[in-house]
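For reference, the structure is listed below as structure tokens.
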Amino acid sequence: MLRNVAVVGAGATGTSAVVNLVRSGVAQRIDVFQPGAIGHGEAFSATDPALLCNTSAGTMSLITECPDDFVDYLHGLGMPVAPHDCVPRYLFAQYCRDRYLSVRSAASALGVHLRHHREKVVSVAGRGPGYTLCTESGAEYPADAVMLCMGVDPWTPPVVRPFRCYSGVTPASSLGSAAALPRDASVLVLGSRLSAVDAVIVLGRSGCRVQVASPSGCLPSVRTRMYPDPSDSGPLTALPGHPWVETTDAAQAERFVAGLVRCLAGHGRPHLRDQLSQADAPVERLRAEIAIAEEGHNFWQELTVEFIALTNEWLLRQPPAKWQDFWVIVEGVLDRYISAMPVGNAKKLLSLADAGRLEVRRRRPAELTRTGDRWAMKWQDGSCDHFDAVVYATGYRPPSMRCSDGRLLLGEHRRGTPAAVSADLRVDLGRNVDECVFAVGQCSATRVPLVHGVVAVVPQVSRVVRQMRALPARSFRSAGCFLPMSHP
């Protein structure tokens with residue numbers, strides 16, 4: 001048993017880490033570092049009931065060996081939820097918080113000291129066999145092992161960076177100000193993926209007219225669920241030449257995609273052309289994909305969970321440089337489907353488009369300027385539009401982690417080199433030892449790109465907890481000195 005484990009970040013990933021650490025009996029003390037409330041990370045911070053989880057409730061348990069835990073929790077609240085349903089996002093944040101409070105009580109009864117520090121960790125320094133965590137306040141905390149579970153930050157496109165502090169320019173994650181916009185306000189949403197979908201739903205309900213613009217002009221595809229069909233047992237592993245057992249190159253990626261197409265259309269399933277829309281116009285494609293989903297013809301949605309699990313497992317076994325060409329091809333073909341939106345959200349967008357309050361354009365921004373009380377966006381084709389407000393929903397970036405002199409620097413730093421993550425999710429601090437610092441979830445994105453869902457993160461948590469159980473017992477350390485056990 002370890003004496004002390006530190007968990008840095010406590011959104012969904014960090015909460016799962018805490019729950020599984022307590023359940024496994026790995027540590028005598030667990031220090032959780034999260035400036036805000038436990039369970040309320042970036043992904044599930046929305047309190048608006050109109051904003052749904054993009055994955056099915058049956059794939060969102062925090063505990064690997066209890067896959068129905070989230071569904072059971074919802075049933076306990078009196079909600080008749082099926083495993084394939086997509087529920088409001090705030091319910092998952094509530095679930096995370098309640099599970100943390102439950103495990104905190106259990107930890108106390110088991111003699112495990114669990115403490116929440118409302119501080120931000122800025123560095124992790126290797127000191128002999130242990131570590132010292134330094135926070136923004138300058139406080140230092142010892143640890144025998146560290147789980148890095150920080151979440152994502154919104155990415156700000158260069159065109160809006162000079163105006164981030166201006167009223168009327170806001171990230172999609174901070175759309176509380178939408179209520180202050182006048183009805184019929186004209187709003188530009190930069191980006192067209194899942195965070196843009198959420199922004200359109202909030203803005204449209206407030207009566208705004210919305211233009212969505214991105215270089216691709218592509219909205220996510222549409223699914224009724226992200227839940228495997230119990231009658232299918234691993235159809236992807238039966239693919240001839242599937243990449244999880246072979247070496248990889250660009251040609252193999254193309255063969256794999258072709259095999260995946262055959263799998264999608266086999267065994268009496270609809271032909272692939274009947275599962276996908278051929279429409280070019282974004283709104284017409286949206287309309288067609290809603291119809292396909294409601295008719296139950298999009299079999300690809302049944303394979304998403306298996307695809308993520310197998311691909312992540314395979315990628316961990318490959319040197320990063322070896323699978324990059326493969327991943328570029330696969331991601332380009334499948335990203336819309338891996339990151340599809342629930343049909344309920346899709347129908348809200350279509351309703352706004354049919355009412356003339358939403359348009360989706362393929363265009364690249366060139367320059368944003370303030371003109372009186374409005375915003376002028378000049379596009380790269382030379383045209384210009386004016387808006388009352390600008391929302392950037394241009395995706396997220398993984399946490400920044402850089403190494404310098406045996407120290408891991410967290411946050412925006414220019415010195416040091418990007419931290420490398422190994423196949424067993426250990427972070428290399430440059431000391432030529434097997435570190436006990438583990439990257440989970442978005443912190444492992446440089447090694448495992450498909451980590452944007454609970455279904456992918458919780459298996460990582462379990463993998464790391466199993467490795468911690470195999471570590472030799474250690475003692476508290478600080479500045480090279482062993483310290484006695486202290487109570488919070």
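Side chains are part of it too, since the values below use all heavy atoms of this structure and drop only hydrogens, waters and symmetry mates.
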For Leu408 and Glu435, what are the C-alpha separation, side-chain angles and deciding distance, and is it a side chain to side chain contact (heavy atoms under 4.5 Å, CB included)?
CA-CA 11 Å; Leu408 182 67; Glu435 303 287 0; over 6 Å; no

For the pair Glu289 and Arg223, find out whether any cationic side-chain nitrogen is under 4.0 Å from an anionic carboxylate oxygen.
no

Taking all non-hydrogen atoms of both residues, which atom of Thr59 and which atom of Met226 are closest, and how far apart?
CG2-O, 3.2 Å

Output a table of donor-acceptor pairs, distance under 3.5 Å, between side-chain atoms of residues 7-22 and any protein atom two or more places apart or on a different chain; print 'none' if there are none.
unit_1	atom_1	unit_2	atom_2	d
Thr15	OG1	Gly11	O	2.6
Ser16	OG	Asn20	ND2	3.2
Ser16	OG	Leu62	O	2.8
Asn20	ND2	Ser16	O	2.7
Asn20	ND2	Leu62	O	3.0

Between Ser444 and Gly441, is there a donor-acceptor pair closer than 3.5 Å when you use the side chain of the first and the backbone of the second?
yes

Nearest non-hydrogen partners of Pro459 and Val454, listed with the distance:
CD-O, 4.2 Å

What I'd like to find out is whether the side chain of Ile38 reaches to under 4.5 Å of the side chain of Arg104, using heavy atoms alone.
no

To the nearest 0.5 angstrom, please state how far the OG atom of Ser195 sits from the CG atom of Leu190.
11.0 Å

Look up atom CG in Leu276 and atom OH in Tyr337, then write down how far apart they are to the nearest 0.5 Å.
4.5 Å

Side-chain heavy atoms of Gln460 within contact of Asn312, under 4.5 Å:
no

Run Arg97 and Leu101 through side chain to side chain contact (heavy atoms under 4.5 Å, CB included) and show every step you take.
CA-CA 6 Å; Arg97 180 64 179 170; Leu101 293 175; 4.1 Å; yes

Donor-acceptor contact below 3.5 Å, side chain Gln275 vs main chain Phe299
yes

Can any side-chain N or O of Asp144 pair as donor or acceptor with the backbone N or O of Asn4 at less than 3.5 Å?
yes

Can you see whether Glu119 engages Tyr141 through a side-chain donor-acceptor pair at a distance of less than 3.5 angstrom?
yes

Flag, side chain of Ser422 to backbone of Arg426, donor-acceptor distance under 3.5 Å
yes

So, the side chain of Arg161 versus the backbone of Thr156: is there a donor-acceptor pair under 3.5 Å, distance only?
yes

Please check: side-chain N/O of Ser56 versus main-chain N/O of Gly58, any donor-acceptor pairing under 3.5 Å?
no

Assess whether atom CZ of Arg364 is packed by more than 12 heavy atoms of other residues, nucleotides or ligands within 6.0 Å.
no

For the backbone of Cys436 and the side chain of Tyr131, can you confirm whether one donor and one acceptor N or O come within less than 3.5 Å of each other?
yes

Over 12 non-hydrogen atoms of neighbours within 6.0 angstrom of CZ in Arg205:
yes

Measuring only between side-chain heavy atoms, which start at C-beta, is His75 closer than 4.5 Å to Val71?
yes

For residues Arg23 and Val465, determine if any side-chain heavy atom of one lies less than 4.5 Å from a side-chain heavy atom of the other.
no

Over all heavy atoms of both residues, which pair between Met468 and Met147 is shortest? Give the atoms and the distance, please.
CE-CG, 3.3 Å

Find the distance between CZ (Phe33) and CZ (Arg118) and round it off to the nearest 0.5 Å.
13.5 Å

Heavy-atom donor-acceptor pair, His113 side chain to Gln28 backbone, under 3.5 Å:
no

Parallel under 30°, tilted from 30 to 60°, perpendicular over 60°: which one fits the rings of Phe70 and Tyr95?
tilted

Below 4.5 Å, heavy atoms only, C-beta onward: do Phe92 and Thr55 meet side chain to side chain?
no

Starting at CG of Leu52, measure out to CG of Leu194 and round the result to the nearest 0.5 Å.
11.5 Å

Provide the closest heavy-atom pair for Cys218 versus Ser192 in the form atom of the first, atom of the second, distance.
O-OG, 2.8 Å

Are any non-hydrogen side-chain atoms of Arg225 and Val343 less than 4.5 angstrom apart?
no

Using side chain to side chain contact (heavy atoms under 4.5 Å, CB included), reason through Thr135 and His117 one step at a time and then give a plain yes or no.
CA-CA 10 Å; Thr135 67; His117 304 272; over 6 Å; no

What are the two closest non-hydrogen atoms of Val421 and Arg447, and how far apart are they?
O-CD, 3.3 Å

If you look at every heavy atom in Pro154 and Pro171, which pair is closest and at what distance?
CB-CB, 4.5 Å

Start with the C-alpha gap between Leu219 and Val360, add the side-chain angles, then the distance that decides, and say whether side chain to side chain contact (heavy atoms under 4.5 Å, CB included) holds.
CA-CA 8 Å; Leu219 294 168; Val360 182; 4.1 Å; yes

Within the 4.5 Å heavy-atom criterion, are Asn54 and Pro342 side-chain neighbours or not?
yes

Has the side chain of Ser61 got a donor or acceptor atom that lies under 3.5 Å from a matching backbone atom of Cys66?
yes

Less than 4.5 Å apart, side chain to side chain, heavy atoms only: is that true for Cys53 and Phe44?
yes

How long is the gap from CG on Asp98 to CG on Leu91, to the nearest 0.5 Å?
10.5 Å

Verify, without hydrogens or angle tests, whether Asp48 (side chain) and Ala50 (backbone) share a donor-acceptor contact under 3.5 angstrom.
yes

Taken to the nearest 0.5 Å, the spacing of Asp198 CG from Leu203 CG works out to 10.5 Å

